Amino acid sequence: VLLGVSLNHLGINMIDDVFDDSRAVDPVAAQSVNPYSGGSGVLTGGELGHRAVFAVAAAFFVCTAGIALYLAFAVGAGVLVFAGIGMFSSIFYSAPPVRYGYRGLGELGHLINFGPVIVLGAFYVQTRSIALEPFLISLAPGLLMWSMIVANEIPDLEMDRKAGKNTLVVRLGAKRAVSLYGAGYLGAFGVIVLAALFGAASPGALLGLAGVPLAWQSWKLSKRVYESPREMVPVNRAVITVHRLSCMGLAIGYLIAGAV
């Protein structure tokens, strides 16, 4: 599961670079201002061509499909549902004719795929079932990923607008996007607290609140610097750390709960 998800993620990063570069979404200058802006820079910097990157991305997706088929035979056909959603979402995030990332749906796609799809898919492989608790807890990493993608799109706003990439940030503007960024945090940590409080999740899940202090600081900072791609760098860096701290906290909390 871990290998399949990782290969799929590499695939989406590479294929997204290809289609974004073909529409001049990510100019080279963007990364000199904000390293979290403007894609990987491999294509815009001329290090590789579209054909080479596309071929490697396709190879990653083929490997992902192979792992999904193996797990389907080993565990059950339900694996194909999760794998299918994940691969479809990865390929058509920026690939025509769907391009849902260009239509203001990319943020929701990240929430769903980095939350319920991955968590419930992994749970299904291990238990051959799905349940309410992993679904509820999966919303936390999904919503944190929502915050991450929104934070990354804020410095890209003008580039995305000129290229016709109508993300939620482009549609709503940077100032309102800061509220979306904070809403992702509020939703993620709110789900953890409420699920634990009402007995829908293990009390160990509360360790997922480890990222709260940094999340609060980064949201306050984002309200002051959202107009400056360069000054957004600490915010972009912070949301990655918040995601890591909170997901590690959830994992450790469940490991402790399982051992007690």
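Remember, it's a predicted structure, so these values are computed and weren't measured experimentally.
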Subject >> Over all atoms of both residues, closest heavy-atom pair of Val170 and Leu157 >> reply: CG2-O, 3.8 Å

Subject >> Straight-line distance of Asn166 CG to Leu105 CG, nearest 0.5 Å >> reply: 11.0 Å

Subject >> Sub-4.5 Å side-chain heavy-atom contact between Asp156 and Thr167 >> reply: no

**OP:** Please report the C-alpha distance between His50 and Phe54 in whole Å, then the side-chain angles of each, then the deciding distance to 0.1 Å, and finally whether the ring pair (Phe, Tyr, Trp, His ring centres under 6.0 Å) criterion is met.
**Re:** CA-CA 6 Å; His50 283 199; Phe54 191 89; 9.4 Å; no

Original post:
In Å and rounded to the nearest 0.5 Å, what is the CD to CZ distance from Glu231 to Arg224?
Top reply: 9.0 Å

Subject >> Side chain proximity check, Phe114 to His9, heavy atoms < 4.5 angstrom >> reply: yes

**OP:** If the plane angle is over 60° it's perpendicular, under 30° parallel, otherwise tilted; pick one for Phe88 and Phe92.
**Re:** tilted

Original post:
Taking only residues two or more places apart in sequence, or in another chain, which ones meet Ser94 in a side chain to side chain donor-acceptor pair (under 3.5 Å)?
Top reply: Asp16

Subject >> Considering all heavy atoms, the nearest Asn236-Ala151 contact >> reply: ND2-O, 2.9 Å

Subject >> Residue pair Val1 / Gln126, side-chain heavy-atom distance below 4.5 Å >> reply: no

**OP:** Please tell me if the side chains of Phe189 and Val242 come closer than 4.5 Å, counting only heavy atoms from C-beta onward.
**Re:** yes

**OP:** Mark yes when over 12 heavy atoms from residues, nucleotides or ligands other than Arg171 sit less than 6.0 Å from its CZ; otherwise mark no.
**Re:** yes

Original post:
Are Leu69 and Leu80 close enough that some pair of their side-chain heavy atoms sits under 4.5 Å apart?
Top reply: yes

Original post:
Side chains of Pro96 and Arg99: closer than 4.5 Å at any heavy-atom pair?
Top reply: yes

**OP:** Please tell me if the side chains of Phe61 and Ile15 come closer than 4.5 Å, counting only heavy atoms from C-beta onward.
**Re:** yes

Subject >> Val235: which of Asn152, Val225, Ile154 passes side chain to side chain contact (heavy atoms under 4.5 Å, CB included) >> reply: Val225

Subject >> Residue pair Pro155 / Met232: nearest heavy atoms and the distance that separates them >> reply: CG-CB, 4.0 Å

Original post:
Which atom names give the shortest non-hydrogen contact between Asn8 and Ser90, and what distance separates them?
Top reply: ND2-OG, 2.8 Å

Subject >> Distance in Å, Leu3 CG paired with Ile67 CD1, rounded so as to fall on 0.5 Å steps >> reply: 3.5 Å

Original post:
Between His110 and Met148, does a side-chain contact (heavy atoms from CB on, under 4.5 Å) hold up when you go through it step by step?
Top reply: CA-CA 9 Å; His110 277 74; Met148 189 183 299; over 6 Å; no

Original post:
Do Leu206 and Met248 belong together in a cluster built from hydrophobic side chains that touch within less than 4.5 Å?
Top reply: no

**OP:** Not counting sequence neighbours, which residues clear side chain to side chain donor-acceptor pair (under 3.5 Å) with Tyr226? List them please.
**Re:** none

With a cut-off of 3.5 Å and sequence neighbours excluded, list every side-chain donor-acceptor pair involving residues 128-145.
| unit_1 | atom_1 | unit_2 | atom_2 | d |
| --- | --- | --- | --- | --- |
| Arg128 | NH2 | Ala74 | O | 3.1 |
| Ser129 | OG | Thr127 | OG1 | 3.0 |
| Glu133 | OE2 | Ser202 | N | 2.9 |
| Glu133 | OE2 | Tyr254 | OH | 2.5 |
| Ser138 | OG | Pro134 | O | 3.4 |
| Ser138 | OG | Phe135 | O | 2.6 |

Subject >> Backbone of Asn13 reached by a side-chain donor or acceptor of Tyr93 within 3.5 Å >> reply: no

**OP:** State, to 0.1 Å, how close Tyr124 and Gly78 come at their nearest heavy-atom pair, and which atoms those are.
**Re:** OH-N, 3.4 Å

Subject >> Whether Ser246 side chain and Ala210 backbone form a donor-acceptor pair below 3.5 Å >> reply: no

Subject >> Taking every non-hydrogen atom, the tightest pair across Trp219 and Val178 >> reply: NE1-O, 3.2 Å

**OP:** Would you check if Leu168 and Trp146 make a side-chain contact, meaning some heavy-atom pair closer than 4.5 Å?
**Re:** yes

Subject >> Sidechain-backbone polar pair: Ser218 side chain, Val239 backbone, donor-acceptor under 3.5 Å >> reply: no

